[in-house]
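Below: the structure, in structure tokens.
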Amino acid sequence: MIYTIGIIVSFLLYILIGVVLSKRVKSSEEYYVSGRKGSTLMVTGTLVASFLSTVSFMGEAGFSYEGYPILLLILVIFNVTGYVIGVFCFGRYLRRSQSLTVPEYFGNRFQSNKVRMATAITTILGISAYLVAVTQGGAVLLSEISGTSYPVALLIMWIAYSSFTVLSGAKGVMVNDTIMFFLFSIATYISFPYIIGKAGGFPDAIIKAATNPERPDLLSWHGITGPDAYMGAPWEALLWAIILGLVWSAVIAISPWQSSRYLMAKNEHVAIRSGVWATISIITIYLFLHISISTITTVNPNIKPTEKVFIWAAMNMVPKWLGVIIVSGIMAAALSSCASFLQLIGSSITRDIIEQSRNKTYTDKQLLRTSRLSMIVVSIIILLIGLWQPPSIMWIGYFAATLFAASWGPVAFASIYSKKITKTGALSSIIVGFLGVIFGESLEKLGVTLPVYLNPVIIGVVLSSLALYIGSKFGEITDQEKEFQNNILKRPIEADENENMKVTKRYPIYLVASGIVIIIVTFIFYYWPLQLAM
């Protein structure tokens, strides 16, 4: 009962914040990008919160529990590079464009309504699939904790995130994301010593996990071996982690729910600093979470479904007060992602599809009204799909996210640095990359076993790149396209540029220092106990 109360209280807090902030939303810029006033803390909070979700705390936690914690951490080493690469190679230029949505940027960059429409449609389809996965994860959690049926839990989840998102837009999402960021970060860090203690204490808990006969080679770099292993040979598992890590790096760098967060930053320095802090935050959260999850296998090897492992730990391995924080933190991760996704979908439908297809400019009042209506309609559709489609939290989320790496990746980076791509090439690349991933996934659904190096997203990226190259042989680059590209390549000079630059120059030092600390923590809590076990 106490866990349910904790969740309900947090729900009411987020909704109250949405109601209060909705009264301050007076323009489309405030509703879409929070007035471009985000501080380093708030942009970091919304970057991390919109990335971490039930896919992370339930789907990936279950994957670790099943026998692949180190493999997942290898994947994360690659994917966190997306924050630094993303903000330096795409995000800061996106912010310079002064766009309200990412599809608007692509449309203006190529002076093409078709390109804008294509990116908007892929945004809506891809994020909607991800939103279904995250919503279902939140409903599974709420159902498990409260004892209510899954449909009732799904309905409550829908009401919670839809209400404050529809009311306050990006302004409410950013404030709530920052609160949620602190909540699930605290839950992860504080739960670590308690879970390790219940599993036998340090270093015995790690040693027992490494020598667990239920899951042989659990803490090896390739994951478990034996009849329960399903990731293939060790080299295949490692190659999978590297490929997906690089793919997720691209997702973090250019996907709409990550790159759009930089549009909210009050200046370019804030965007860069936020990217660095997000890198440090993600890798430390994953390190502490998945090392602790690996030790739960020795306490209870029979948690079903495995996606509930962190929830089980919250209710059985930590004090109740901390269990409430953990459960509320997992729910916060779900709500933050749902809110970000819904806000992006509603914004794209209104500004990039409805407004453009009618070829007219809406007033701020019309934009706000239409955006809110779009979000309500989309959220109802997501609710119905969630009731119909059985939960598959990790794999639906992975599929939806990787769509953007294939369809947007080549075009996004080329739009900044290449002076040779045309609107024909950009449009072809987006469509072919999107369809390429779906084609690869369809082959696997039909029973065709693809080698790990032909992951559907790899097929999509290759086809997208080819389409970009071949398509750019056709059409001409207009003066407007050249002017737009030249403008975003010019670094803006802020009023207090010298002071800002002094602060920003410290951030590479913070990144290196955090890397050293993470290496030391990994040595102490993983490598040393593993050597004792061997």
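The structure presented is a predicted model; accordingly, all values stated were derived computationally and were not measured. Worth knowing before you read on, the calculation uses all heavy atoms, side chains too, and leaves out hydrogens, waters and symmetry mates. Index from 1, following the sequence.
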Task: Ring-face cation contact, Y68 with R215, 6.0 Å cut, 45° max - done: no

Task: Side-chain (K208) to main-chain (A199) donor-acceptor, under 3.5 angstrom - done: yes

- [ ] Nearest 0.5 Å please: distance from the CG atom of L322 over to the CD1 atom of I195.
- [x] 8.0 Å

Open item on the list: Please report the interatomic distance CG(L73) to NE2(H290), rounded to the nearest 0.5 Å.
Closed with: 6.5 Å

Open item on the list: Can you confirm whether the side chains of T165 and Q343 place a donor and an acceptor under 3.5 Å from each other?
Closed with: no

Open item on the list: So, taking the atom named CD1 in I77 and the one named CG in L287, what distance separates them when rounded to the nearest 0.5 Å?
Closed with: 9.0 Å

Open item on the list: Under 3.5 Å, is there a donor on one side chain and an acceptor on the other for T284 and Y189?
Closed with: yes

- [ ] Taking atom CZ of F439 as the centre, report whether more than 12 heavy atoms of other residues, nucleotides or ligands fall under 6.0 Å from it.
- [x] no

Task: Flag side-chain contact, heavy atom, 4.5 Å: F184 against I330 - done: no

Open item on the list: With a 4.5 Å cut-off on side-chain heavy atoms, are F57 and T188 touching?
Closed with: yes

Open item on the list: When you measure from the side chain of T46 to the backbone of V43, do you find a donor-acceptor pair of N or O atoms at a distance under 3.5 Å?
Closed with: no

TODO: Kindly determine whether I459 and V437 satisfy side-chain contact (heavy atoms from CB on, under 4.5 Å), including the steps that lead there.
DONE: CA-CA 6 Å; I459 296 173; V437 176; over 6 Å; no

- [ ] Only counting residues at least two apart or in another chain, list the ones meeting side-chain contact (heavy atoms from CB on, under 4.5 Å) with V276.
- [x] I280, Y507, L511

- [ ] Check whether any side-chain heavy atom of L219 lies under 4.5 Å from a side-chain heavy atom of I206, and answer yes or no.
- [x] yes

Open item on the list: If we ignore hydrogens and angles and just use 3.5 Å, is the side chain of S260 paired with the main-chain N or O of P256 as donor and acceptor?
Closed with: yes

Open item on the list: Testing the 3.5 Å rule here: is there a donor-acceptor pair between the side chains of E307 and Y65?
Closed with: no

Open item on the list: Return the CG to CG distance between L154 and L142, rounded to the nearest 0.5 Å.
Closed with: 9.5 Å

Open item on the list: Set out, in order, the CA-CA distance, both residues' side-chain angles and the distance that settles side-chain contact (heavy atoms from CB on, under 4.5 Å) for F341 and Y130, then state yes or no.
Closed with: CA-CA 8 Å; F341 296 161; Y130 208 154; 3.8 Å; yes

Open item on the list: Tell me whether T122 contacts the main-chain N or O of T119 through its side chain, where contact means a donor paired with an acceptor under 3.5 Å.
Closed with: yes

Open item on the list: A side-chain contact here means heavy atoms from C-beta on lying under 4.5 Å apart; do S162 and L342 qualify?
Closed with: yes

Task: Donor on one side chain, acceptor on other, N212 and T298, under 3.5 Å - done: no

Open item on the list: How close do A405 and V461 get, counting heavy atoms only, and between which atoms?
Closed with: O-CG2, 4.0 Å

Open item on the list: Evaluate W240 against F63 for ring pair (Phe, Tyr, Trp, His ring centres under 6.0 Å), listing each step before the verdict.
Closed with: CA-CA 14 Å; W240 173 86; F63 182 70; 5.5 Å; yes

Open item on the list: Treating S220 as the side-chain partner and D217 as the backbone partner, does any N or O pair qualify as donor plus acceptor under 3.5 Å?
Closed with: yes

Task: Identified ring pair (Phe, Tyr, Trp, His ring centres under 6.0 Å) counterpart of F288 within the set F192, F310, Y194, Y526 - done: F192

Open item on the list: Side chains of T504 and R273: any donor to acceptor distance under 3.5 Å?
Closed with: yes

Open item on the list: Is there a side chain to side chain donor-acceptor pair (under 3.5 Å) between S464 and S429? Walk through the geometry before answering.
Closed with: CA-CA 4 Å; S464 178; S429 179; 2.6 Å; yes

Open item on the list: Whether the side chain of S50 engages the backbone of L47 through a donor-acceptor N/O pair (distance < 3.5 Å, no angle test) should be reported.
Closed with: yes

Open item on the list: Under a 3.5 Å distance rule, please check whether S336 uses its side chain to pair with a backbone N or O of A49 as donor and acceptor.
Closed with: yes

Open item on the list: Would you say that W312 contacts V299 through its side chain, given a criterion of any heavy-atom pair below 4.5 Å between the two side chains?
Closed with: yes

TODO: Identify the heavy atoms of I293 and A61 that sit nearest to each other, and give their distance.
DONE: CG2-O, 3.5 Å

Open item on the list: If you apply the rule side-chain contact (heavy atoms from CB on, under 4.5 Å), what do you find for V48 with I282, and how did you get there?
Closed with: CA-CA 7 Å; V48 178; I282 291 290; 3.8 Å; yes

Open item on the list: Please enumerate all residues that pass ring-ring contact (aromatic ring centres under 6.0 Å, His included) together with Y161, with sequence neighbours excluded.
Closed with: none

Task: Under 3.5 Å: donor-acceptor pair, side chain of S56, backbone of L52 - done: no

Task: S415 side chain to A412 backbone, donor-acceptor under 3.5 Å - done: yes

TODO: Quick one: pull up CD1 in I70 and OG1 in T522 and give me the separation to the nearest 0.5 Å.
DONE: 9.0 Å

- [ ] Spell out, as yes or no, whether a donor-acceptor pair under 3.5 Å connects the side chain of S442 to the backbone of I438.
- [x] yes

Open item on the list: Could you tell me if the side chain of Y14 sits less than 4.5 Å from the side chain of I179, heavy atoms only?
Closed with: yes

Open item on the list: Can you see whether T81 engages S249 through a side-chain donor-acceptor pair at a distance of less than 3.5 angstrom?
Closed with: yes

Open item on the list: Within the 4.5 Å heavy-atom criterion, are M315 and I311 side-chain neighbours or not?
Closed with: yes

Open item on the list: If you define the side chain from C-beta out and look only at heavy atoms, does anything of M331 sit under 4.5 Å from M157?
Closed with: yes

- [ ] Pick out which of W408, F404, F51 makes a ring pair (Phe, Tyr, Trp, His ring centres under 6.0 Å) with W257.
- [x] F404

Would you give me the side-chain donor-acceptor pairs under 3.5 Å for residues 83-92, sequence neighbours excluded?
{"residue": "Y83", "atom": "OH", "partner": "Q258", "partner atom": "OE1", "Å": "2.7"}
{"residue": "R92", "atom": "NE", "partner": "F88", "partner atom": "O", "Å": "2.8"}

Open item on the list: Distance check, rounded to the nearest 0.5 Å: I416 atom CD1 versus L94 atom CG?
Closed with: 7.5 Å

